[in-house]
Amino acid sequence: MKVSAKDNPVEFPSGVTPLNVLQSHSGLPNDAVAARLNGSILSLTQPITEDGELQFLTFNDPEGKEVVFHSTAHLMAQAVTELFPGVKLAIGPPIAEGFYYDFEVERPFTPEDLQQIEERMEKRANDKLPVERFVMSREEALDYYKKANQNYKVELIEDFEDSSFSFYRQGDFVDMCRGPHVPHTGYLKHFKLLNCAGAYWRGDENRAMLQRIYGVAAGNRKELKDYLQKLEEAKERDHRKLGRELDLYSIHDEAGPGLIFWHPHGARIRNIIETFWRDEHYRRGYELVYIPHILRENLFIKSGHLENFRENMYSPMQVDNIDYYAKPMNCPGHILIFQSHLRSYRDLPIRYGELGTVYRYERSGVLHGLLRVRGFTQDDAHIFCRPDQLEEEITGVIDLADFMMNAFGFDYRLCLSTRPAKSIGSDEVWEHATETLRRALEKNGKPYDTEEGGGAFYGPKIDVLLLDALGRTWQGPTFQLDFNFPERFNIDYIDSDGSKKRCVMIHRTVLGSMERFLGNLIEHYKGAFPAWLSPVQIKVLPITDDQHDYARKLHQRLKSENLRSELDDRNEKIGYKIREAESLKIPFMFVVGKKEAEETTVAVRERGRKDHGVMSLVEALHFVRKATEIPRSSLQMD
RNA sequence: GCCAACGUAGCUCAGUCGGUAGAGCAACGGUUUCGUAAACCGUAGGUCAGGGGUUCAAGUCCCCUCGUUGGCUCCA
């Protein structure tokens with residue numbers, strides 16, 4: 001049998017293991033955790049029976065990482081099995097940043113349990129128990145798990161058609177698993193259990209609630225430390241913490257959970273973004289509209305919201321014996337405006353935009369700061385167009401979203417979601433629409449992912465996933481094609497031949513919602529907003545009382561230049577004022593002492609310990625202007 | 001909604017065995033007039049989330065409700 005490793009073909013007897021190869025060759029990674037042969041991933045101890053090129057995988061390869069995560073999940077399950085006799089095992093897969101395992105136990109795990117489990121894991125890792133693969137027939141496997149009273153495993157087997165199943169054994173612990181795994185538990189050195197939580201069996205809320213333990217593993221001590229540090233940094237960036245510290249917003253038990261109160265500084269940022277948003281939409285041929293917040297029941301019957309979205313809607317209020325609902329979406333309102341006239345093919349496309357506030361009932365357990373709320377303002381728009389305009393419109397929307405993401409410094413990924421199992425409309429229409437989206441994406445040139453079956457029931461969509469400064473992704477803007485509303489509402493236009501034709505409708509946001517976007521933005525910038533967004537751009541800091549007159553005049557001058565300035569004329573030392581301005585993340589500080597007042601100059605300090613020295617007023621204004629400029633797109637207007 | 005943990009001053013947090021509420025910062029009043037990340041002295045601030053129970057006595061133990069946090073499910 002011929003196996004080549006590192007472009008070095010060597011004959012090996014059939015049944016050689018990657019570990020053998022590793023030991024008989026120099027120059028191969030000594031930290032390999034698994035191998036790849038002809039596209040499939042192998043344990044290092046798995047005998048090779050076919051020719052091919054052998055590659056070794058370390059923790060730095062995605063597949064190697066997965067193997068380590070998975071093996072660590074097994075190690076944890078072993079520890080839990082030993083410490084909690086009678087525990088039932090469910091599943092324990094690797095996930096993007098670690099692993100988890102679901103258990104059914106007598107009582108939920110406590111933080112002390114986690115520590116104990118972790119200690120037991122370390123012990124078993126030190127034992128360097130060999131991890132051995134073996135196979136049982138379907139009947140043997142079923143019998144084995146039935147006898148062991150492991151009903152979740154029994155259910156898993158019953159759901160598969162396979163005639164045999166692979167198992168892994170380490171010490172006394174056995175788990176059914178596809179593998180592959182590390183050769184022995186001594187490979188697992190750097191791991192930490194993070195938290196435990198309830199999780200439904202198979203994600204179904206009607207089924208048993210199991211206890212899930214999450215953990216993380218790393219290739220070495222430093223990587224583990226770095227990962228834990230990243231978690232700490234995420235805490236420092238948390239928009240709920242910064243929102244309070246920077247006095248941006250609050251939520252009140254008294255008023256209701258999930259409802260946001262924007263304080264002056266938070267409102268200031270939101271206002272800047274909204275003005276920016278409106279200007280850009282007018283520039284791009286959108287018309288902005290306003291619609292009421294409560295609408296009659298019949299409209300939501302017609303739209304299908306009461307049928308499909310009722311559980312997310314607030315209970316109705318009765319007026320003159322008719323039910324009115326707070327709107328959970330803006331589309332029905334925009335459709336009514338569209339339908340207030342007969343529309344010609346020449347009128348299209350019509351783009352109605354609105355910063356439209358909607359109310360949705362969200363289950364109490366899902367609320368989260370600004371990111372998941374019950375009342376929020378979507379940067380919504382609905383585009384009504386002819387089928388032949390669809391591609392150009394989508395292209396325009398992608399371009400607008402790109403502009404927005406760049407303006408706020410977000411990197412992003414695009415994702416195309418196709419037809420889900422439960423959906424309306426003909427295959428032909430779906431195919432055409434999906435292809436149109438795909439063409440627009442191709443033309444755009446940026447890479448994109450495809451999520452098969454991820455679309456809405458009424459049409460395919462493109463999602464924009466924001467990547468923040470920590471590399472975390474957030475669901476942001478979304479563009480959805482809709483075949484449902486045009487049918488339900490008979491949204492038509494008169495074509496050039498005088499016949500009625502059905503419109504195509506696009507729902508889109510380019511930020512997501514103001515609340516969620518602001519939340520993302522706070523975390524992205526760690527509260528240190530660029531000057532154009534900063535609620536306060538300049539703090540004027542007189543050194544002693546003698547400069548108060550000059551400082552006040554300076555502050556007034558800055559305000560008259562449309563700069564957002566605040567004056568700190570409290571009786572405090574300059575170090576104290578600077579410290580506070582720094583912690584409030586104000587971009588510029590104009591320090592004025594005796595010298596500056598006499599010479600009509602300012603000592604300019606920039607956020608982050610940068611002293612730019614003394615400047616004339618004109619210079620200082622010029623300096624600040626560059627940073628406070630509002631981004632504009634270089635549109636080719638025709 | 002479900003599982004778990006948590007809820008003490010505006011914020012961050014102490015509070016032992018059940019014995020009657022504490023610090024730092026912030027606020028307020030003074031003193032100080034100061035050159036790039038915390039001057040000094042003083043004052044005030046609490047229905048210990050809310051309600052019920054056990055007890056001679058509850059921030060502390062038990063139950064219920066509300067809220068928050070981490071997950072599950074769902075989503076902008």
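Proteins get letters first, then strands, A, B, ... in listed order; numbering begins at 1 in each.
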- prompt: Which part of the nucleic acid, if any, lies within reach of A:Arg212 when heavy atoms closer than 4.0 Å are counted: base, sugar-phosphate only, or nothing?
  reply: sugar-phosphate

task: Using the C1' atom on both, measure B:rA26 against B:rU68 and round to a whole Å.
output: 23 Å

message: Taking the P atom in each of B:rU33 and B:rA39, what is the distance between them to the nearest angstrom?
response: 15 Å

- prompt: Mind pulling the stems RNA chain B is in, i.e. runs of at least three Watson-Crick or G-U pairs, everything under 3.5 Å?
  reply: B:1-7 with B:66-72, B:10-13 with B:22-25, B:27-31 with B:39-43, B:49-53 with B:61-65

query: Between A:Thr478 and A:Thr509, is any side-chain donor less than 3.5 angstrom from a side-chain acceptor?
result: no

- prompt: A:Arg244 side chain: which of B:rU68, B:rA76, B:rU12 is closest?
  reply: B:rU12

- request: Check whether the aromatic ring of A:Phe376 stacks on the base of B:rA76, taking stacking as ring centres less than 5.5 Å apart and planes within 30° of each other.
  value: yes

message: Angle between ring planes, A:Phe300 versus A:His305, binned at 30° and 60°: parallel, tilted or perpendicular?
response: perpendicular

query: Would you call A:Glu205 and A:Arg363 a salt bridge, taking side-chain N to carboxylate O under 4.0 Å as the test?
result: yes

task: May I ask you to decide whether A:Arg372 forms a salt bridge with A:Glu362, counting only side-chain N to carboxylate O separations under 4.0 Å?
output: yes

query: Considering only side-chain heavy atoms of A:Ala603, which listed nucleotide, B:rA76, B:rU33, B:rU36, is closest?
result: B:rU36

- prompt: Is a donor-acceptor pair below 3.5 Å formed from side chain A:Tyr200 to base B:rG71, judging by atom type as modelled?
  reply: no

- request: Assign A:Arg107 to base, sugar-phosphate, or nothing according to its heavy-atom contacts below 4.0 angstrom with the strands shown.
  value: nothing

- request: Respond yes when some side-chain nitrogen or oxygen of A:Arg240 is under 4.0 Å from OP1 or OP2 of B:rG70, and no when none is.
  value: yes

- request: For nucleotides B:rG10 and B:rA27, find the distance between their P atoms and express it as a whole number of Å.
  value: 14 Å

task: Can you figure out which of B:rC3, B:rC72, B:rA76 approaches the side chain of A:Gln211 most closely?
output: B:rC3

message: Work out how far the P atom of B:rC28 is from that of B:rG45, and round it to whole angstrom.
response: 16 Å

field: Flag for A:Tyr458-A:Gln480: side-chain donor and acceptor within less than 3.5 Å
entry: yes

Atom-pair distance (CD on A:Gln480; P on B:rA76), nearest Å: 6 Å

message: In whole Å, I'd like the distance from the CG atom of A:Asp102 to the P atom of B:rA4.
response: 15 Å

A:Pro257 side chain, from C-beta outward: closest of B:rA4, B:rG67, B:rA26: B:rG67

- prompt: Does a distance-only test, which skips hydrogens and angles, find a donor-acceptor pair under 3.5 Å between the side chain of A:Glu362 and the base of B:rA76?
  reply: yes

message: Using a 4.0 Å heavy-atom cut-off, does A:Arg360 contact any base of the nucleic acid, only the sugar-phosphate backbone, or nothing at all?
response: base

query: Contact class for A:Ser364 (heavy atom, under 4.0 Å): base, sugar-phosphate, or nothing?
result: base

message: So if I take every side-chain heavy atom of A:Asp545 and compare against B:rC72, B:rU33, B:rA76, which nucleotide ends up nearest?
response: B:rU33

- request: Just call it for A:Tyr100: base, sugar-phosphate, or nothing, with non-hydrogen atoms closer than 4.0 Å on any strand.
  value: nothing

RNA chain B: 5'-proximal contact among A:Pro108 and A:Arg570 (nearest heavy atom): A:Pro108

query: For the side chain of A:Arg372, counting heavy atoms from C-beta on, which of B:rA39, B:rG1, B:rC74 is nearest?
result: B:rC74

message: Under 4.0 Å, heavy atoms only, any strand: does A:Gly575 hit a base, just the sugar-phosphate, or nothing?
response: sugar-phosphate

- prompt: Is the distance from OP1 or OP2 of B:rC75 to the nearest side-chain N or O of A:Tyr361 less than 4.0 Å?
  reply: no

task: Rounded to the nearest angstrom, tell me the gap between atom CE in A:Met209 and atom P in B:rU73.
output: 10 Å

task: Could you check how far CD1 of A:Ile574 sits from C1' of B:rA39, rounded to whole Å?
output: 14 Å

field: Electrostatic pair A:Glu582-A:Lys539, nearest N-O below 4.0 angstrom
entry: no

- request: May I ask you to decide whether A:Arg472 forms a salt bridge with A:Glu523, counting only side-chain N to carboxylate O separations under 4.0 Å?
  value: yes

task: Between B:rU16 and B:rG35, how far apart are the C1' atoms? Round to whole Å, please.
output: 49 Å

message: Please determine whether any donor N or O and acceptor N or O are separated by less than 3.5 Å between the side chain of A:Arg363 and the base of B:rC75.
response: no

message: Taking the minimum atom-to-atom distance to the side chain of A:Ile543, which one of B:rU73, B:rG35, B:rA26 wins?
response: B:rG35

- request: For nucleotides B:rA5 and B:rA9, find the distance between their C1' atoms and express it as a whole number of Å.
  value: 24 Å

- prompt: Base, sugar-phosphate, or nothing for A:Lys594, non-hydrogen atoms under 4.0 angstrom?
  reply: base

message: For a quick check of understanding: with a heavy-atom distance under 4.0 Å over all strands, which category does A:Val358 fall into, base, sugar-phosphate or nothing?
response: nothing

field: Protein-nucleotide distance (A:Glu580, atom CD; B:rA38, atom C1'), rounded to Å
entry: 10 Å

- request: Could you tell me whether A:Lys595 and A:Glu599 make a salt bridge, using a distance below 4.0 angstrom between a side-chain N and a carboxylate O?
  value: no

- line: With the side chain defined as heavy atoms from C-beta on, A:Asn195 is closest, among B:rA38, B:rG1, B:rG70, to B:rG70

field: Salt bridge A:Asp468-A:Arg237, side-chain N to carboxylate O under 4.0 Å
entry: no

- prompt: Base, sugar-phosphate alone, or nothing: which one does A:Tyr576 contact when heavy atoms must sit under 4.0 Å apart?
  reply: sugar-phosphate

field: Nearest-angstrom distance, P atom, B:rG19 to B:rU65
entry: 28 Å

statement: Quick note, A:Val366 side chain, CB onward, closest among B:rG71, B:rC75, B:rU73 is B:rU73

- prompt: Which part of the nucleic acid, if any, lies within reach of A:Gln475 when heavy atoms closer than 4.0 Å are counted: base, sugar-phosphate only, or nothing?
  reply: sugar-phosphate

query: Should the pair A:Asp113-A:Arg107 be classified as a salt bridge under the 4.0 Å nitrogen-to-oxygen rule?
result: yes

- request: Please report, rounded to the nearest Å, how far the P atom of B:rC72 is from the CG atom of A:Asn206.
  value: 17 Å

message: How many whole angstroms separate atom NZ of A:Lys610 from atom P of B:rU36?
response: 19 Å

- request: Please determine if A:Arg413 and A:Asp449 form a salt bridge, counting it only when a charged side-chain N lies under 4.0 Å from a carboxylate O.
  value: yes

query: Does A:Arg202 come within less than 4.0 Å of A:Asp204, counting only side-chain N to carboxylate O?
result: no

field: Spacing of the C1' atoms in B:rC13 and B:rG18 (rounded, Å)
entry: 22 Å

- request: Using only side-chain N and O atoms of A:His252, determine if any of them is under 4.0 Å from OP1 or OP2 of B:rG67.
  value: no

query: In whole angstrom, what separates A:Lys461's NZ from B:rA76's P?
result: 6 Å

- line: Heavy-atom nearest nucleotide on RNA chain B taken for A:Ala199 and for A:Gly512; more 5' hit belongs to A:Ala199

field: Listed nucleotide nearest any side-chain atom of A:Glu596, set B:rA4, B:rC75, B:rG35
entry: B:rG35

